[in-house]
Amino acid sequence: IIVATGARANYLGLESEDRFKNRGVSACAVCDGALPRFRNQPLVVIGGGDTAVEEGTYLTAFASRVYLIHRRDELRASKIMQQRAIDNEKIEIAWNRTIDEYVADENGNLVTLRLKDTTNGDISELPVTGCFIAIGHTPNTQFLKGALKTDENGYLITAADSTATKVA
């Protein structure tokens, strides 16, 4: 039996987030970044790992500017990926920030992010057209209900040097 369940992107969980999916909020820069609505526009990537930096770097081919928003004062990405972001003149890193709220125009499209400073709670606004969430994935393995062994994140555990899974 081949188990190929895939995974779903994690989102921030803000109350307004679902309203902005397909109206400026996405979890896939490769899927959506080249859309006409994002071309030559300021874009945001949320996250601090390799995926976030990779998506930010990819988006620089389309965006006027890419803001990498991270809740801490250092990235989790590998050193080479961190340097790639720091060296890219189209990427600006906003340290110690989280999204407080998405703000829409009269048509319901994303036009601004309200950001919260994680060190002092100050609120600022950043005008953007797109926001790409890159904070991880959750594997679609819940339906297995313990039939196969998973790690603490729900990913299937395979035998060493194999793709065979372990029975729970």
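All figures in this text were calculated on a predicted structure; none of them were measured in a lab. All values below were derived from every heavy atom in this structure, side-chain atoms included, with hydrogens, water molecules and symmetry-related copies excluded.
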Are Asn107 and Arg23 close enough, and set up right, to give a side-chain hydrogen bond (donor to acceptor under 3.5 Å, both in side chains), and what steps lead you there?
-> CA-CA 9 Å; Asn107 297 316; Arg23 292 185 165 271; over 6 Å; no
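- Residues Leu126 and Tyr67 have side chains in contact (heavy-atom distance under 4.5 Å, counting atoms from C-beta outward).
- At distances below 3.5 Å, not a single donor-acceptor pair connects side-chain atoms of Gln41 with backbone N or O atoms of Thr129.
- Residues Thr138 and Asn153 form no side-chain contact, since every pair of their non-hydrogen atoms from C-beta on lies 4.5 Å or further apart.
- Counting only residues at least two apart or in different chains, disulfide (SG to SG under 2.5 Å) contacts with residues 106-168 are absent.
- For CD of Glu15, the number of neighbouring non-hydrogen atoms (other residues, nucleotides, ligands) closer than 6.0 Å is 12 at most.
- Smallest separation of non-hydrogen atoms from Val103 and Phe20: C-CZ, 4.0 Å.
- Arg72 is not listed as a side-chain neighbour of Trp95, based on a closest heavy-atom distance of 4.5 Å or more.
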Steps toward side-chain hydrogen bond (donor to acceptor under 3.5 Å, both in side chains) verdict (Thr5, Asn140) = CA-CA 5 Å; Thr5 63; Asn140 297 321; 5.5 Å; no
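- At a threshold of 4.5 Å between non-hydrogen side-chain atoms, the residues Ile99 and Ile46 count as touching.
- For the pair Phe132 and Val44, the minimum side-chain heavy-atom distance is 4.5 Å or more.
- Side-chain contact check for Glu17 versus Leu12: some heavy-atom pair is nearer than 4.5 Å.
- Arg65 CZ: more than 12 foreign heavy atoms inside a 6.0 Å radius.
- Within a 6.0 Å radius of CG in Asn22, no more than 12 heavy atoms belonging to other residues, nucleotides or ligands are found.
- Using a distance-only test at 3.5 Å, with no hydrogens or angles considered, a donor-acceptor pair links the side chain of Asn120 to the main chain of Asp122.
- Side-chain atoms of Thr119 and Asn96 include no donor-acceptor pair closer than 3.5 Å.
- Sorted by first and then second residue, the side chain to side chain donor-acceptor pair (under 3.5 Å) pairs involving residues 45-64 (not counting sequence neighbours) are Asp50-Ser78.
- Between the NZ atom of Lys149 and the CG atom of Asp151 there is a distance of 12.5 Å, given to the nearest 0.5 Å.
- Looking only at side-chain heavy atoms (C-beta outward), Ile133 and Val45 stay at 4.5 Å or farther from each other.
- The closest side-chain heavy-atom distance from Leu110 to Leu113 is below 4.5 Å.
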Dump the intermediate steps for salt bridge (Lys or Arg N to Asp or Glu O under 4.0 Å) on Asp100 and Lys116, then the final yes or no.
-> CA-CA 6 Å; Asp100 186 60; Lys116 183 175 186 177; 5.2 Å; no
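- Asp117 has a carboxylate O that lies under 4.0 Å from a charged side-chain N of Arg97, or vice versa, which qualifies the two as a salt bridge.
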